[in-house]
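Take a look at the structure set out below.
What you see is a predicted model; the values in this text were computed from it and never measured. Chain letters run A, B, ... following the sequence lines, proteins first, then strands; residues in each count from 1.
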Amino acid sequence: MNLRDRLEQIESLKKKVQQISNNRNQKNTFSKKSNNKSSVSEIVPGNTIETPHGNCFYAERIITPDTSFGENSLSDIQRYFTPGLHLWLPQFNRRGEEFKLEEMLFFDTETTGLAGGSGTYIFLLGLGFFRGEEFHIRQYFMSDYHEEEALLWGVNQLFGQGFKILVTYNGKSYDFPLLQTRYIMTRQPFHLNTSHHLDLLFPTRRLWKRRLQDCTLQNIEKEVLKIRRNGDIPGYLIPQVYFRYLLDKDARPLKPVFAHNQQDIISLVLLATRIGQVLEDPLEMVKSALDLCSIGKIFEGHRDFQYSSKCYEEALKCDLSDEEAVETLRLCAFAYKKQLKWDKAEAAWRDIISLSRDFSPYPYEELAKYYEHQKKDYGQAESIVEEALHRLNRENISGSVKTEWRKDLDHRLARIKRKKQREGFSCSEG
DNA sequence: TTTCGGCCCAAAATGGAAGT
DNA sequence: ACTTCCATTTTGGGCCGAAA
């Protein structure tokens, strides 16, 4: 989109907002409550602090950590966060670092758009942190563009308090770079000095993407954390609500925006807890076969093939469709092969052959490699490749793939036959 | 001893998805 | 729309055993 298009878009947005505002005013002339406008401090409890750049308002909510949300309470994080954390932050264990709960900072913003770059402002900056027996949610709010410097100055006071881990959802790509940009644009120092940034989006994807089609925080809340939002405002409406506030200064429609941001922060805590829980004891905690496969893959990435094969075995105990079972067996066989557990791998490959609806050369090739290179049983290698070729010829497979597969299998068969023949010679000679 | 083919792992390219 | 990061796929190099 070029600059002209963009300016036109902004112009038309302005008109729309003006229209909405006019409609409201018209309606309000018929209503007695008409001119009741609320300021932000009236709709959410909080404080105003003085800064060198003017006043800065923040809302504050304090929750006792044993308040429960869905299946967990905030204090559960103490027990579950640390184990399994090294899987995402490898430095954690290597350095032997231990983190205190109070050194974690949960962070989420509401902004004037998704575009990023220097034109997007953070108008609501929510932070969650533990202090003694309390969990604080503090939301810094900017009620007009000129208050940005004050907001950033105020937030810096909190940032300077020695937090070590920043916890976000997609914050690595969105919130954090945006925040940095705002400090640059206002020429202020940036006092947040967390040595680690844990972006929960990525562990979340790896753990649940197989089972859930999308990993938006909302969907994860619903499907994993089992929490329901009441009267939540969808994210895409948030900038519009703020733009209207800038014009009419009625803070009441912002109330759900503050609530949305609070809930996001609470969800960060709960999600970090849940991630810790499922990684600590997947075999007990996790009942879904797809999720167990996901966890197996995570341990595979850390070269723990013994544990990953345990996850896959557990998954195979679940009620699976043939296709799902084949996929799981495939993963499982790979883990066995890595452990040199050839007997188990062989059994898994054979199970794949008997369960598969459609032909795939994969299990045959694996078996052939095993017979040729491990067992040195060329006769068995030969017959498995011949079986594959036989099935390939019978089944209905599109041309280009079929010829590709046949080429590979023929090549393999020819080599095995050569080896077998030579072996025969040396036997008869010896 | 050298060369070649097969296998596996690591680095590099590609694609997709999340935030308001 | 925009950016960034990670996962997946593809490509290339090294290692090993077999053959000359």
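Using bins of under 30°, 30° to 60° and over 60° for the plane-to-plane angle, the ring pair Phe141(A)/Phe123(A) lands in the perpendicular bin. Note: Tyr140(A) and Tyr58(A) have tilted aromatic rings, judged against thresholds of 30 and 60 degrees for the angle between ring planes. Below 30°, between 30° and 60°, or above 60°: for Tyr145(A) and Tyr121(A) the angle between ring planes is between 30° and 60°, a tilted geometry. A perpendicular orientation is assigned to the rings of Phe107(A) and Phe159(A), their planes being inclined by more than 60° (bins at 30° and 60°).
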Treat a base pair as Watson-Crick or G-U wobble with both distances under 3.5 Å, then lay out DNA chain B in dot-bracket form, 5' to 3', with | for cross-strand pairs.
-> |||||||||||||||||||.
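Within 4.0 Å (heavy atoms only), Leu217(A) reaches sugar-phosphate atoms of the nucleic acid but no base atom. Nucleic acid contact class of Asn219(A) (heavy atoms, under 4.0 Å, all strands): none. In this structure, Lys337(A) reaches the sugar-phosphate backbone alone: every heavy-atom distance under 4.0 Å involves primed, P, OP1 or OP2 atoms, never a base. Contacts of Thr112(A) with the nucleic acid, taken as non-hydrogen atoms under 4.0 Å apart, are absent. Nucleic acid contact for Asp108(A): sugar-phosphate only, since backbone atoms but no base atoms lie under 4.0 Å from a heavy atom of the residue.
You'll find that the side chain of Arg415(A) is closest to dC7(B), out of dG19(B), dT20(B), dC7(B). Of the candidate nucleotides dG6(B), dC8(B), dG19(B), dG6(B) has the atom lying nearest to any side-chain atom of His411(A). Distance from the side chain of Lys338(A) is smallest to dC9(B) among dG19(B), dC9(B), dC7(B). When each of dT20(B), dC5(C), dA18(B) is scored by its nearest atom to the side-chain atoms of Asn170(A), the top-ranked nucleotide is dA18(B). In the set dC5(C), dG6(B), dT20(B), dT20(B) carries the atom at the smallest distance from any side-chain atom of Asp264(A). Checked against dA18(B), dA18(C), dC7(B), the side chain of Lys376(A) finds its nearest nucleotide in dA18(C). Comparing dT4(C), dG19(B), dA17(B) by their nearest atom to the side chain of Thr216(A) picks out dG19(B). When distances are taken from the side chain of Ile238(A) to each of dT20(B), dG6(B), dT4(C), the shortest belongs to dT20(B).
Taking only side-chain nitrogens and oxygens, His373(A) comes nearer than 4.0 Å to OP1 or OP2 of dC7(B). The phosphate of dC8(B) (OP1 or OP2) has a side-chain N or O of Lys369(A) nearer than 4.0 angstrom. The side chain of Arg206(A) contributes no N or O atom lying less than 4.0 Å from OP1 or OP2 of dA17(B). In terms of phosphate contacts, Lys172(A) brings no side-chain nitrogen or oxygen within less than 4.0 Å of OP1 or OP2 of dG19(B).
Of all heavy-atom pairs spanning Leu246(A) and Ser143(A), the tightest one is CD2-O, 3.7 Å.
Of the possible polar contacts, one joining the Asn219(A) side chain to the Asp214(A) backbone as a donor-acceptor pair under 3.5 Å is found. Using modelled atom types, no side-chain atom of Asp144(A) and backbone atom of His146(A) make a donor-acceptor pair closer than 3.5 Å.
If you take OH of Tyr362(A) and P of dC7(B), they are 14 Å apart, rounded to a whole angstrom. The distance between atom CZ of Phe243(A) and atom P of dT20(B), rounded to the nearest whole Å, is 15 Å. In this entry the distance linking OH of Tyr174(A) with C1' of dA17(B) reads 15 Å, nearest Å. With rounding to whole Å, Glu327(A) atom CD is found 13 Å from dT8(C) atom C1'. In this structure, Lys419(A) atom NZ and dA19(C) atom P are separated by 7 Å, rounded to whole Å. The distance from atom NZ of Lys407(A) to atom P of dG6(B) is 12 Å, rounded to the nearest whole Å. When rounded to the nearest whole Å, the span between CG of Leu212(A) and P of dA18(B) equals 11 Å.
Remark: Arg274(A) is not positioned above the aromatic ring of Tyr80(A), lacking an NZ or CZ atom under 6.0 angstrom from the ring centre and at most 45 degrees off the axis. With a 6.0 Å cutoff to the six-membered ring centre and a 45° limit on the axis angle, Arg138(A) does not count as a cation-pi contact of Phe129(A).
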